[in-house]
Protein chains: 4
Amino acid sequence: MNSLGKNFVFTSFGESHGRAVGGVLDGVPAGVRIDVDMIREALDRRAGRVAPSLEDGCAYSLEFKGEGISPRAKREKDEVEWLSGVLDGVTLGTPIAFIIRNADARSQDYDWLKHNYRPGHADQTYQDKYGIRDHRGGGRASARETASRVVAGAIAQQLLAEKKIQISARLVQVGTETNPDKFAQYIADIQKEGDSIGGVVECTITGLPVGVGEPIFDKLQSHLAYAMMSINACKGFEYGSGFSNVALKGSEMYLSNDSQLVSGGIAGGISDGNPIVFRCVFKPTASNRKTLESLHSTLNSSPNSPLASSPKVGRHDACVAVRAVAVVEAMAALVVQDFILAENQ
Amino acid sequence: MNSLGKNFVFTSFGESHGRAVGGVLDGVPAGVRIDVDMIREALDRRAGRVAPSLEDGCAYSLEFKGEGISPRAKREKDEVEWLSGVLDGVTLGTPIAFIIRNADARSQDYDWLKHNYRPGHADQTYQDKYGIRDHRGGGRASARETASRVVAGAIAQQLLAEKKIQISARLVQVGTETNPDKFAQYIADIQKEGDSIGGVVECTITGLPVGVGEPIFDKLQSHLAYAMMSINACKGFEYGSGFSNVALKGSEMYLSNDSQLVSGGIAGGISDGNPIVFRCVFKPTASNRKTLESLHSTLNSSPNSPLASSPKVGRHDACVAVRAVAVVEAMAALVVQDFILAENQ
Amino acid sequence: MNSLGKNFVFTSFGESHGRAVGGVLDGVPAGVRIDVDMIREALDRRAGRVAPSLEDGCAYSLEFKGEGISPRAKREKDEVEWLSGVLDGVTLGTPIAFIIRNADARSQDYDWLKHNYRPGHADQTYQDKYGIRDHRGGGRASARETASRVVAGAIAQQLLAEKKIQISARLVQVGTETNPDKFAQYIADIQKEGDSIGGVVECTITGLPVGVGEPIFDKLQSHLAYAMMSINACKGFEYGSGFSNVALKGSEMYLSNDSQLVSGGIAGGISDGNPIVFRCVFKPTASNRKTLESLHSTLNSSPNSPLASSPKVGRHDACVAVRAVAVVEAMAALVVQDFILAENQ
Amino acid sequence: MNSLGKNFVFTSFGESHGRAVGGVLDGVPAGVRIDVDMIREALDRRAGRVAPSLEDGCAYSLEFKGEGISPRAKREKDEVEWLSGVLDGVTLGTPIAFIIRNADARSQDYDWLKHNYRPGHADQTYQDKYGIRDHRGGGRASARETASRVVAGAIAQQLLAEKKIQISARLVQVGTETNPDKFAQYIADIQKEGDSIGGVVECTITGLPVGVGEPIFDKLQSHLAYAMMSINACKGFEYGSGFSNVALKGSEMYLSNDSQLVSGGIAGGISDGNPIVFRCVFKPTASNRKTLESLHSTLNSSPNSPLASSPKVGRHDACVAVRAVAVVEAMAALVVQDFILAENQ
């Protein structure tokens, strides 16, 4: 299903090459002025239209490399149309519905996908499950769907900011590289090779009061993991000591001065007043030149695939983790705001 | 809150040193004969009362080391009392309620916890959140609560087995050790030191048909992550390529012959017909001798803590991941059965 | 909140005088061809744009009386724009989002409502609850919101029709009148007086298999009552023997040949294979000429209400139960389809 | 399913002649002292063990007529065992689980029901739905199940009382009789005839602040109707003007001085600060002597029903609405407390 949350509920809809993507956000308090510029900025970060600064840890966006804003990012310029829930820029307490229309895509580019499945994509499972799919660019499985999440998440972030709760994510690893200063070059090299690479996004939540999280099945980490795992290409979630510290002994962890190392700001599923720190790993996209050329040549050798000769290698991100940063923030904000509403914080 | 699932709903209740722990399982089809022996066996694995075989990958249980069944495991022998939902061993389609009574604990052992918080436990966040807590052994945050999950999960496993869906978990890493043959000695050494160590549990789901999982917010991996993160001491979840393969390039992943490496049996949130493989990491317990002795000496130096002189170092698992194996299986079974019901599979 | 259902989820949004009203319908199976004409017809019935026939029991629509389609109904002609979930007229299994744009209203007609509350409307409770409201014609509390429900309900009815489940509602009482042949004249007389009157709508569900309904808190009648009570102006729900037969003794009920009289097709919360029959009562609208003139004169006597002199008496339905017929059908269809999905029927 | 509520969740379990009935109440704030006497009193009212006073409107209990406490009511004396969530009489903020053990029933009394269905009961639909049922006295469909609701509801009432919210229900009609002074004689006469009769229970909620209720699908009246319709034998719900005033014109309703007549304390789904008033109708029980004797003679004439000769006519309430009063209060309290938690009131 396509809704998230209990008291603060986000519903997402829209195929990547249909009329529009959009969402409904229910449970937004009345009387809040919406900062539309902040939402636009979040959308631009997600789309790779602004150059992320080194400061915010999201060190690099492919779209900018050498050539400024790419034609594709320009074409996709996300215009939010507000359908309900807002009057003169102020929330009414009623559901906020919004859409972002999809630009007319040259859908013939996708014709070859009618009869072929891309490796590493959800083409086949969608076809198997539904017996039908919108083959044009991934449908619901496309990263375009995350634009709706970013709009909703930005509104959640605005509500949280009023309570001094801040959520910020950044890229902390690309392939084997952990020095942010070197991410840009690393990714550029990968792209030149026609390849792609994974990365790790870290997110910090500050200002969260003690007591957020409901044992035993509404633990804070459970909901964060749930939300992160719904992001395309996310293959893992960890908080506090995570996987990385599996070799540390108990005495090393608990007797160190860095108790945050273990807890990540959560104990027993409940926030302990320290910053929450968690990380998500994103796999490399399968839509890189090398993979597609390989697929291409396989398809060409099959006499039953007349369309096989035309797979276009579109522009694709060499490291999707870069653009995922904005989505991680958005999802974390939706989760935290839902807790805040439920717990009267 | 303490319920999990939408169409197959498990509700857990009970403090570790209250009258009983127990659960209610709603949505169990009628007319199914319950295999009580299988449930007892799962409970024994969770409690460390049976020696896990090397074969099932859960290579070692502390309680057995050298001395057979420990007095504590014996005392805690879990007797399930079935309160409803079952008539003459067969399910009625109505909610199955069960309890496992807690043995009388020498609660004076816990008196010192009334006024002290253990590091690495949820003592403080519970106190902060609720303003009150059952200090006797952790209350709801105790691992004892997982006994209820194991009962419910075992029932789910029985239902899944009828559809040829098998769930099995095993220990795949202890500290730095990844050779199962060496886990027993590794853990014994840690215990002798009075220390504790983390571990990784891997779980495989076979026989799952194509099509299980509901994009975009009921993806299969989202629900698995959600359920796993609710287990005590679990600090991370990954599936398919996970964190471990962040250094692999796209071409290496997708052009390898092991496509399972990346997907873990899920694409776009939907099962692809291959085995599902995921891993969870468990931190070392903080209740080891070294940590507690350190706490002890800190407390003794505080003039305001008259009870501080009595912290007893109880028997604790040197590697909680060992006993977590049964809980991982149980939680996975609950998640999968909930999907199966919803999707009419 | 603004969502209904568990496995078949309808989310409604939109203020009556905002950009649009609309909805998202999640859980629609893939591969179903949508009958757009049937949806338009349902919308026309709700809007009073088609003359209901005596046959379907909905004997009269105010808008037609003597003068054909009213200017207001014409202006409001509901055009559905499909945003997602449908490709070439066939469902994709993804959420179906749709909107119906609102015509530009002469919003100055509503200016006097900024500072005044209409009796019998939700103006005051919305203002009290949210501290803000869309005063233009009722916002979310307006009957216009039900257009979204009718679209979603019509899709549900199409899905149910494939399983031979039919839902049909009709007007069975207007004021004291229970003879459908006389409804038209009765309502016309009330309208001439500048007054309004209540009515009773009866709904029958046929073709429902035995076994639909989940004791004890998802009984079929519970969900039907829940859905009906959400309709504007609905003040009561009954099924089977209901309120009307409170004077019958048990022997008279159960030993009669009409066992349906009592059960209404449901026993213990579960459908028994007979037609389901339930009734809803709708109060008269408060926006009739008599009530508003009275309000007008009260306001005029208050020196602090400069806007009070301008309350316009718009065209209003003398009997809202007439147009409620289409909404009752829609809500019943949403409820039943949700059960059907959950129960694999 | 068997859970009710979103933030304050009650789960019910237990068959009438199984080990126990019971429940789990999740979302109870920590630190509240439970008044066990008040719970016992509510259970006694439900069971007909205390003579309801004329004052509280529940004018009569069959069990008392002429003979004091009946043997059956005595035998069924409900002892609540608290399993979790309470320490030294004070809530812990964790789920409260409780059971009421069933007395050993002479189950041979029910043997004839193995192969026969009682008219007006859920015997057949349960059998059809589940393919199995606990034939001993109705299983989950038995009124005994409502004991769990009364325990949970009494706790909710205690929480509401702290906020000065009072819920009280009373019998306002028995058959054609609306004078409470005459209810006792009326019911006694019906009982002597070996017959049964329906009744209407009215419930008033006072002290509820303005603003409780969430349009458009979590309206206050929707949740009240939902909960009431889940009570055995309840065939209808109305609030405010309801069914009874369908003949009143708008001008008569809104220009009267009794605006409560229409609204029942709710406008647009939101409490308006006035007392909430609603009514439920309960059908006569089918288990009266006349109905069963008729069934008996039918069964005896069938050669294939060897067990047919033994249907015992147990003691049954001539008017189940009497005992329903306590259940209506309990369900209303559960609904209101769930809203109060969600709305931070």
Side-chain angles (χ1 to χ4, degrees), chain C residues 1-4 12 119-120 122 124-126 128-129 140-141 145 173 175-176 190 195-198 200 210-211 214-219 221-222 225-226 229-230 235-243 246-247 249-251 253-255 262 267-268 270 272 281 283-286 288 290-291 294, chain D residues 1-4 12 119-120 122 124-126 128-129 140-141 145 173 175-176 190 195-198 200 210-211 214-219 221-222 225-226 229-230 235-243 246-247 249-251 253-255 262 267-268 270 272 281 283-286 288 290-291 294:
Chain C
M1 312 297 283
N2 295 272
S3 294
L4 182 84
S12 165
Q124 179 155 13
T125 53
Y126 266 72
D128 288 346
K129 183 179 181 76
R140 285 293 284 162
E145 175 272 327
Q173 185 170 348
T176 52
I190 291 284
D195 214 327
S196 56
I197 191 74
V200 177
V210 179
E214 292 285 340
I216 59 164
F217 289 131
D218 287 305
K219 290 180 172 174
Q221 69 268 37
S222 289
Y226 181 86
M229 296 311 297
S230 77
K235 305 296 283 190
F237 169 92
E238 63 174 20
Y239 78 107
S241 55
F243 282 93
V246 68
K249 293 179 187 172
S251 58
M253 279 193 182
Y254 302 103
L255 303 179
V262 188
I270 302 167
D272 66 11
V281 64
K283 66 169 186 176
T285 180
N288 56 64
K290 279 194 179 172
T291 308
S294 166
Chain D
M1 311 297 282
N2 296 272
S3 295
L4 182 85
S12 165
Q124 179 155 12
T125 52
Y126 266 72
D128 287 347
K129 183 180 181 77
R140 284 294 283 163
E145 175 272 326
Q173 185 169 351
T176 53
I190 291 283
D195 215 328
S196 57
I197 192 74
V200 176
V210 178
E214 293 285 339
I216 59 165
F217 289 132
D218 287 304
K219 290 181 173 173
Q221 69 269 36
S222 288
Y226 182 85
M229 296 310 296
S230 77
K235 305 297 285 189
F237 169 92
E238 62 174 20
Y239 78 106
S241 56
F243 282 93
V246 68
K249 294 179 186 171
S251 58
M253 278 192 183
Y254 301 105
L255 303 179
V262 188
I270 302 168
D272 66 11
V281 63
K283 67 170 185 176
T285 180
N288 57 63
K290 278 194 182 174
T291 309
S294 166

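Fair warning: this is a prediction, and the values are worked out from it, not measured in the lab. Throughout, protein chains are lettered first and strands after them, A, B, ... in sequence-line order, and every chain is numbered starting at 1.
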Participant: For Thr125(C) and Ala267(D), indicate whether the former's side chain and the latter's backbone hold a donor-acceptor pair under 3.5 Å.
Facilitator: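 Yes: the side chain of Thr125(C) pairs with the backbone of Ala267(D).
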
Participant: To the closest 0.5 Å, what do you measure between CE (Met253(C)) and CD1 (Ile197(D))?
Facilitator: 8.0 Å

Participant: If you take all heavy atoms of Glu214(C) and Met1(D), which pair is closest and at what distance?
Facilitator: CB-N, 3.1 Å

Participant: Run the side chain to side chain contact (heavy atoms under 4.5 Å, CB included) check on Lys283(D) and Tyr254(C) step by step: do they pass?
Facilitator: CA-CA 11 Å; Lys283(D) 67 170 185 176; Tyr254(C) 302 103; 3.3 Å; yes

Participant: Do you know which two heavy atoms are closest between Lys290(D) and Ser251(C), and how far apart they sit?
Facilitator: CD-CB, 3.7 Å

Participant: For the candidates Asp272(D), Ile190(D), Leu4(D), which exhibits the highest count of non-hydrogen atom pairs separated by less than 4.5 Å from chain C?
Facilitator: Leu4(D)

Participant: Take Phe237(C) and Glu238(D) through the side chain to side chain contact (heavy atoms under 4.5 Å, CB included) test and state the conclusion after the steps.
Facilitator: CA-CA 6 Å; Phe237(C) 169 92; Glu238(D) 62 174 20; over 6 Å; no

Participant: With sequence neighbours excluded, tell me which residues meet side-chain hydrogen bond (donor to acceptor under 3.5 Å, both in side chains) with Ser3(C).
Facilitator: Thr11(C)

Participant: Testing the basics here: between Ser230(D) and Ser222(C), what is the closest heavy-atom pair and its distance to 0.1 Å?
Facilitator: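 Nearest pair, atom of Ser230(D) first, then Ser222(C): N-OG, 3.4 Å.
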
Participant: In chain order, what residues pass the side-chain hydrogen bond (donor to acceptor under 3.5 Å, both in side chains) check against Lys249(D), with sequence neighbours excluded?
Facilitator: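 Only Glu193(C) meet the side-chain hydrogen bond (donor to acceptor under 3.5 Å, both in side chains) criterion with Lys249(D).
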
Participant: Counting heavy-atom pairs under 4.5 Å to chain D, which of Pro215(C), Ser12(C), Ser196(C) comes out on top?
Facilitator: Pro215(C)

Participant: How many angstroms lie between CD1 in Ile216(D) and CZ in Arg140(C), if you round to the nearest 0.5 Å?
Facilitator: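 Interatomic distance, Ile216(D) CD1 to Arg140(C) CZ, rounded to 0.5 Å: 4.5 Å.
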
Participant: Considering non-hydrogen atoms only, spot the tightest contact between Gly268(C) and Ala122(D) and give its length.
Facilitator: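 For Gly268(C) versus Ala122(D), the nearest heavy atoms are CA-CB, 3.5 Å.
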
Participant: Nearest heavy-atom pair of Val200(C) and Val246(D): which atoms, and what distance?
Facilitator: CG2-CG2, 4.1 Å

Participant: To the nearest 0.5 angstrom, please state how far the OH atom of Tyr226(D) sits from the CD atom of Gln221(C).
Facilitator: 10.0 Å

Participant: Ala141(D) versus chain C, heavy atoms under 4.5 Å apart: side chain, backbone, both or neither?
Facilitator: neither

Participant: Which one, Asp195(C), Thr176(C), Asp128(C), leads in non-hydrogen pairs under 4.5 Å with chain D?
Facilitator: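 Sorted descending by pairs with chain D, the first entry is Asp195(C).
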
Participant: Please check if the side chain of Lys129(D) supplies one atom and the backbone of Gly211(C) the other of a donor-acceptor pair under 3.5 Å.
Facilitator: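 Here the side-chain-to-backbone pair exists.
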
Participant: When heavy-atom pairs shorter than 4.5 Å are enumerated against chain D, which of Lys219(C), Gln124(C), Met229(C) gives the highest number?
Facilitator: Met229(C)

